[in-house]
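Worksheet for the structure shown next.
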Amino acid sequence: MAKELISRSENYSQWYNDLVVKADLAENSAVRGCMVIKPYGYAIWEKMQAELDRMFKETGHVNAYFPLFIPKSFFSKEAAHVEGFAKECAVVTHYRLKNNPDGSGVMVDPDAKLEEELIVRPTSETIIWSTYKNWIQSYRDLPILCNQWANVVRWEMRTRLFLRTAEFLWQEGHTAHATQQEAMDEAMKMINVYATFAENFMAVPVIKGAKSENERFAGALETYTIEALMQDGKALQSGTSHFLGQNFARAFDVTFTNKDGKEELVWATSWGVSTRLMGALVMAHSDDNGLVLPPKLAPFQVVIVPIYKNEEQLDAISEKVNEIIAKLKARGISVKYDYNDNKKPGWKFAEYELKGVPVRLAMGPRDLENGTIEVARRDTLTKEVASVDNIDEYVEKLLNDIQSNIYKKAFDFRNEKTTKADSYDEFKEILNNKGGFVLAHWDGTTETEQKIKEETKATIRCIPFGQEEEEGTCIYSGKPSKGRVLFAVAY
RNA sequence: CGGGAUGUAGCGCAGUCCGGUAGCGCACCUGGUUUGGGACCAGGGGGUCCCAGGUUCGAAUCCUGGUAUCCCGACCA
């Protein structure tokens, strides 16, 4: 009725836009390019945050907070870095408003111009390294393993809810190390943390790998990435981790005295995931009926809907339901009991399907009589009647099942949509008709990469880790290549 | 930032060509009947017609300029 979705096959991007809004995850705001994340969507983000934060701390990191504003001069200190972000920075030039002389509201007070403009952070390397300079003197001060949860602003031309917005939420880890090896290990460690999170919690399989020089973070020597495949066959970069070498230490003059009393530049990494993960989550699992959420990230894992004709019936059902809720909670399962009398059961069924609640329990008079309850699972849209007695155990198993089932579904989909191409014609044919990931030989040059991008829109998503060596020739130039890289059209 | 489309009640739209004082569905409110897959009946409330200027006796409608959103390109997480 009111909330029907367009099908994925008919218009995938509209399906996505509508779903995000109709499932109450987010909506566009009065500010161009900026979204409002609604409570239901934010609850998912909080679940992501909680788990990531736990994982960061388990790997020795601590949280801190650095300023939103960055002095303009900081930005110009690392050449590649400026280059990368200059075109999308919001700049603060004044610090005061005043009433318009003609009484028509307020205006920027021209007398309140800042001595030095402030950049709204698009990322925090510069402000953080200018701070680290003061924190680091000796090898004894290292490593520094900080993370911050923050918002950042990148003035995007074209925005889409969660996938690309002018302001977004993320975490950014910034670490400082005494040795190159340690920093490289750190960057690798964190991409593995991201991959584990994506697969175990989001149920989204990812390919880990290194970015080509062309796709690297501005200022990094090496960028690692996790790449996920969406249902429309496009890739989504879902997290990145950068080995920054000594670039930022050099730019901000951050040195330490080593054990031999010699002064050295500090080695750096940074790594981040953002609210873009929400987009990945939506596009990886959801169907034409709405969201499909992995139990580990669902705001509530179970919804219980009572079916009744009068108040006495509702009371009787509620009594039973409350027992069930207590048992589920004892197992750490989150439950919502929707006894709202304003909506009919059918309406609620449709609504919770749209919102992707993994398991729905429905109890009516017949169930009460028979000691049963109806169990519906969102991922398969199947229903069965179960006994109330061990329902907690049953649901716990079911949630685990759903978590692994949606992962498997996404995994099989990705495998089916990953194709090897051995000629440029074959490559183009796959991109046009099948989509997905394409593994192909590449000569390692930026020129070839650019040409392929111009002609096919496909980019090198990554040079996958652990790829077996394989002699071959570049699909574009015919030059020799030692292994295949992962191509796809990307978000 | 270029090309196109669209802004009318909370949401989705009609009305715009051909100017005459704004309508439909959903949602909302009241009452009643209902409740195992988006209930039904009756009554009711709600509008700077995106903004500013212009033409006109009269503008949602015509003209000019803004602005926002969506789609397609260039740029990007």
Side-chain angles (χ1 to χ4, degrees), chain A residues 1-6 11-14 16-18 21-22 27-35 83-89 104 122-123 152-172 194 211 214-218 220 223 225-228 235-242 270-280 289-290 305-311 313-314 317 339-354 360-370 372-374 376 381 383 385 453-454 457 459 461 490-491:
Chain A
M1 264 181 67
K3 286 194 169 176
E4 292 264 302
L5 283 170
I6 193 165
N11 187 339
Y12 191 83
S13 70
Q14 200 192 334
Y16 172 82
N17 292 340
D18 290 353
V21 171
K22 287 180 176 168
E27 62 190 29
N28 280 306
S29 71
V31 186
R32 182 195 182 85
C34 296
M35 64 180 162
E83 174 91 14
F85 288 105
K87 280 172 289 184
E88 49 188 31
C89 285
S104 64
T123 178
V152 287
V153 169
R154 296 180 188 175
W155 214 259
E156 298 291 346
M157 294 299 176
R158 218 174 131 188
T159 59
R160 287 188 77 190
L161 294 172
F162 291 121
L163 297 175
R164 175 165 295 106
T165 47
E167 179 191 14
F168 58 89
L169 305 183
W170 76 346
Q171 57 68 218
E172 45 181 329
Y194 289 154
K211 285 290 185 188
N214 194 41
E215 297 273 330
R216 236 171 249 161
F217 175 73
T223 289
T225 179
I226 51 171
E227 297 287 327
L236 185 73
Q237 179 176 306
S238 305
T240 49
S241 175
H242 316 289
S270 67
W271 29 273
V273 293
S274 72
T275 37
R276 185 179 235 204
L277 289 179
M278 295 285 294
N289 295 298
V305 177
I307 293 151
Y308 57 94
K309 290 202 198 318
N310 52 53
E311 211 158 312
Q313 245 174 26
L314 175 60
I317 290 166
Y339 49 80
N340 185 342
D341 192 40
N342 296 329
K343 304 286 188 212
K344 288 188 59 179
W347 190 93
K348 293 176 184 174
F349 292 174
E351 182 68 9
Y352 292 116
E353 250 160 44
L354 182 64
R360 184 185 71 235
L361 302 177
M363 179 173 271
R366 286 207 300 273
D367 292 304
L368 207 52
E369 210 169 294
N370 303 335
T372 57
I373 192 161
E374 185 188 84
L381 290 169
K383 288 195 285 201
V385 174
K453 184 181 177 182
E454 278 163 34
K457 302 219 178 301
T459 50
R461 301 321 302 152
Y491 272 96

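Naming convention: chains lettered A, B, ... in sequence-line order (proteins, then strands); numbering from 1 in each chain. Keep in mind the model is a prediction, meaning the values are calculated, not measured.
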Contact list (N/O, under 3.5 angstrom) for nucleotides 68-73 of chain B vs protein:
residue: B:rU69; atom: OP2; partner: A:R32; partner atom: NH1; Å: 3.0
residue: B:rC70; atom: OP1; partner: A:N28; partner atom: ND2; Å: 3.2
residue: B:rC71; atom: OP1; partner: A:N17; partner atom: ND2; Å: 2.8
residue: B:rC72; atom: OP2; partner: A:R158; partner atom: NH2; Å: 2.3
residue: B:rG73; atom: N7; partner: A:R158; partner atom: NH1; Å: 3.4

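- Nucleotide B:rA59 is matched to nothing when pairs are restricted to Watson-Crick or G-U wobble geometry with both distances under 3.5 angstrom.
- On the C1' atoms, B:rC26 is 12 Å away from B:rA9, given to the nearest whole Å.
- Rounded to whole Å, the separation between the P atoms of B:rA60 and B:rC49 comes to 7 Å.
- Here A:E167 does not pair with A:R154 in a salt bridge; the nearest charged N to carboxylate O distance is not below 4.0 Å.
- Using a cut-off of 4.0 Å between Lys/Arg side-chain N and Asp/Glu carboxylate O, A:E227 and A:K211 are scored as salt-bridged.
- Aromatic ring pairs are classed by plane angle as parallel below 30°, tilted from 30° to 60° and perpendicular above 60°; the pair A:W271 and A:Y194 is perpendicular.
- When the P atom is compared between B:rU69 and B:rG45, the two are found 35 Å apart, to the nearest whole Å.
- Using a 4.0 Å heavy-atom criterion, one finds that A:Q237 contacts the sugar-phosphate atoms exclusively.
- Proximity of A:V152 to A:F168: side-chain heavy atoms (C-beta onward) are separated by under 4.5 Å at one or more points.
- For the residue pair A:H242 / A:S270, no side-chain donor-acceptor distance below 3.5 Å is found, with atom types taken as modelled.
- Nearest-nucleotide positions on RNA chain B for A:T275 and A:D367 put A:D367 closer to the 5' end.
- Comparing B:rG15 with B:rU8, their P atoms are spaced 14 Å from each other, to the whole Å.
- Shown here, B:rU35 forms no base pair; nothing in the strands shown gives a Watson-Crick or G-U wobble contact with both key distances under 3.5 Å.
- Atom OH in A:Y308 sits about 13 Å away from atom C1' in B:rG36, given to the nearest Å.
- A:L236 comes within 4.0 angstrom of nothing in the nucleic acid, heavy atoms only.
- By the neighbour-count criterion of 12 heavy atoms within 6.0 Å, atom CH2 of A:W170 is densely surrounded, having more than that number from other residues, nucleotides or ligands.
- Between A:K344 and B:rG36, a side-chain N or O to OP1/OP2 separation shorter than 4.0 Å is present.
- Nucleic acid contact class of A:T165 (heavy atoms, under 4.0 Å, all strands): base.
- Here B:rG38 is the nucleotide among B:rC75, B:rG36, B:rG38 with the atom lying nearest to any side-chain atom of A:E351.
- Remark on RNA chain B: of its neighbouring residues A:F217 and A:I373, the 5'-side contact belongs to A:I373, judged by nearest-heavy-atom nucleotide.
- A:K343 comes within 4.0 angstrom of the backbone, heavy atoms only, and of no base.
- A cation-pi arrangement is present between A:K343 and A:W347, with the terminal nitrogen or guanidinium carbon under 6.0 Å from the aromatic centre and inside a 45° cone about the axis.
- Among the nucleotides B:rA77, B:rG36, B:rG38, the one closest to the side chain of A:E374 is B:rG36.
- Distance check on atom C1': B:rC41 versus B:rG58 gives 42 Å, rounded to whole Å.
- With P as the reference atom, B:rA14 and B:rU55 are 31 Å apart, rounded to whole Å.
- Comparing B:rA22 with B:rG46, their C1' atoms are spaced 14 Å from each other, to the whole Å.
- Remark: the separation of the P atoms in B:rG19 and B:rA39 is 44 Å, to the nearest Å.
- B:rC1 is paired with B:rG73 under the criterion used here, namely a Watson-Crick or G-U wobble arrangement in which both key atom distances are under 3.5 Å.
- If you measure from atom CG of A:N340 to atom P of B:rU35, you get 17 Å, rounded to the nearest angstrom.
- Residues satisfying the salt bridge (Lys or Arg N to Asp or Glu O under 4.0 Å) test with A:E27, not counting sequence neighbours, are A:K38.
- In this structure, of B:rU35, B:rG37, B:rG38, it is B:rG37 that holds the atom nearest to the side chain of A:K383.
- Taking a pair to require two hydrogen-bonding distances under 3.5 Å in either a Watson-Crick or a G-U wobble arrangement, B:rG25 pairs with B:rC11.
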